[in-house]
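Along the sequence shown, residues carry numbers from 1. Because the structure is a prediction, the values reported are computed rather than measured. One-based numbering, in listed order, for ligands and for the atoms of each.
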Amino acid sequence: MNKTIAVIRGDGIGPEIVNEALAALDVTAQKFNHNFTYIDVDMGGCAIDKWGDPLPQAELDKCIAADSVLLGAVGGPKWNDVPGHMRPEKGLLRLRAGMGVYSNNRPAKIWPQLASASPLKESIVARGIDFIIVRELIGGIYFGEHRTEDVFGEQRAVDVLTYTEAEIERIGRIGFETARRRRGKLCSVEKSNVLDSSRLWKTIMHRLAPEYPDVELSDMLVDNCAMQIVKDPSQFDVIVTENMFGDILSDEASQITGSIGMIPSSSLGATSCGLYEPIHGSAPDIAGKDLANPIGTILSAAMMLRFSFDMDAEANAIESAVAAVLDAGYRTGDIMPTDADEAAMCRLVGCREMGRLIRERI
Ligand code: IPM
Ligand code: MG
């Protein structure tokens, strides 16, 4: 198959981790007789430096025209002082909205090889951690009006949180369908004891439920959910939630699995053109030092093969290669055990070497 992939290297460690993911894709293409063409897209801080805009329209158009988009990470302290509407993150938000990818899928799964890296007690980890957060990605407070105004000499800031029935329904359906393909448990997370948008959210989820009799729907308030994720993560199969709650809970969920550096994500809308990115940031402190963990990005590329290109065997080949490298004891710094005895069984490697070891096993 021929596929065109828009590639956003971005800032910080972005270029290093994306290089390893592209190299993994190349080896996979060779093995399975595909042809992947990469189109470079500037987004984030590097686009601000080059174009004075975190995502010029022409760059967004390249993404929309591609078969899929692979993204490293954007942002960094260099652009901390640029105005809100010009920040690198704004490029990412515009990309998500421009591509219409309303459904963000963030798996929280513990790799057995890394179980000791979880900060949770062994007895909790032993019950299993394997759930998915389905996060609404192009609505809510992220995309409401933002303004800061002067009211009688005092500054006042406003951020508006809005959801329509249609927006809730389409993400709700993704939640139910995701649960249906897994263990059949869907937990809808909101703050319906305080927010109108959450009360509407809950109403819509229950209106959809009868259409999915094979899925067991439960509700949970977001503060309780934050607590339950560390108390007993084994209770969750699929969580469906709004944009900001999903942002916060997915960082929490990543930590209990050991390392944020391992976690891929997919964002999809009405078409098969998806956006695939690791959930970690641009880690400017380790950028350019060959220290980053490329696995989250490599696994994001595998998700792209599976969800956008229907290439299951190809995705499996990459995922199995990652497992084999972990089995063999290779670790980047972020997943190196802190316990001395355990560390003695592992080998510390850099970003490039980790990429090479994975490629070797695809
Ligand atoms: C994420 C990030 C982004 C978000 C930032 C960089 C805008 O935290 O993908 O989770 O808040 O969505
Ligand atoms: Mg986040």
Can a donor-acceptor pair be found between the side chains of [X] and [Y] at a distance below 3.5 Å?
| X | Y | answer |
| --- | --- | --- |
| Ser234 | Arg127 | no |
| Arg306 | Asn316 | yes |
| Gln57 | Asp61 | yes |
| Ser116 | Glu342 | yes |
| Asn243 | Tyr163 | no |

**Message:** Once rounded to the nearest 0.5 Å, what's the spacing between atom CZ of Phe131 and atom CD1 of Ile239?
**Reply:** 5.0 Å

**Message:** Just to be sure I read this right, does ligand 1 sit under 4.0 Å from the backbone of Arg135, its side chain, both, or neither, counting only heavy atoms?
**Reply:**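 Near ligand 1, Arg135 shows its side chain, while the N, CA, C and O stay back.
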
**Prompt:** Looking only at heavy atoms, which two atoms of Leu221 and Ser192 are closest? And how far apart?
**Reply:**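 In this case the closest contact between Leu221 and Ser192 is CD2-N, 3.6 Å.
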
**Asked** Do any nitrogen or oxygen atoms of Asp247 lie less than 3.5 angstrom from nitrogen or oxygen atoms of ligand 1?
**Response** yes

**Asked** Would one find an N or O of Arg96, backbone or side chain, under 3.5 Å from an N or O of ligand 1?
**Response** yes

**Asked** Closer than 2.8 Å to the Mg ion (ligand 2), which protein N, O or S atoms?
**Response**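 Hits for the Mg ion (ligand 2) below 2.8 Å: Asp247 OD1.
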
**Request:** For Arg106, counting its heavy atoms only, list the atoms of ligand 1 lying under 4.0 Å from any of them.
**Result:**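 Counting atoms of ligand 1 from 1, those under 4.0 Å from Arg106 are 1 (C), 9 (O), 10 (O).
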
**Request:** Heavy-atom contacts with Glu89 under 4.0 Å: which atoms of ligand 1 show up? List them by number with element.
**Result:** 6 (C), 7 (C)

**Message:** I want to check a possible cation-pi pair here: Arg361 against Tyr330, using under 6.0 Å from ring centre and within 45° of the ring axis as the test.
**Reply:**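 Here Arg361 fails the 6.0 Å and 45° test against Tyr330.
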
**Message:** Looking at ligand 1, is there an atom of it that comes within less than 4.0 Å of some heavy atom belonging to Lys90?
**Reply:** no

**Item:** Nearest-neighbour protein heavy atom for atom 4 (C) of ligand 1, which is reported as residue plus atom name and distance
**Value:**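 Among all protein heavy atoms, the one nearest atom 4 (C) of ligand 1 is Tyr142 OH, 3.5 Å.
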
**Message:** Taking Phe236 as the starting point, is it possible to reach Ile260 by hopping between hydrophobic residues whose side chains are less than 4.5 Å apart?
**Reply:** no

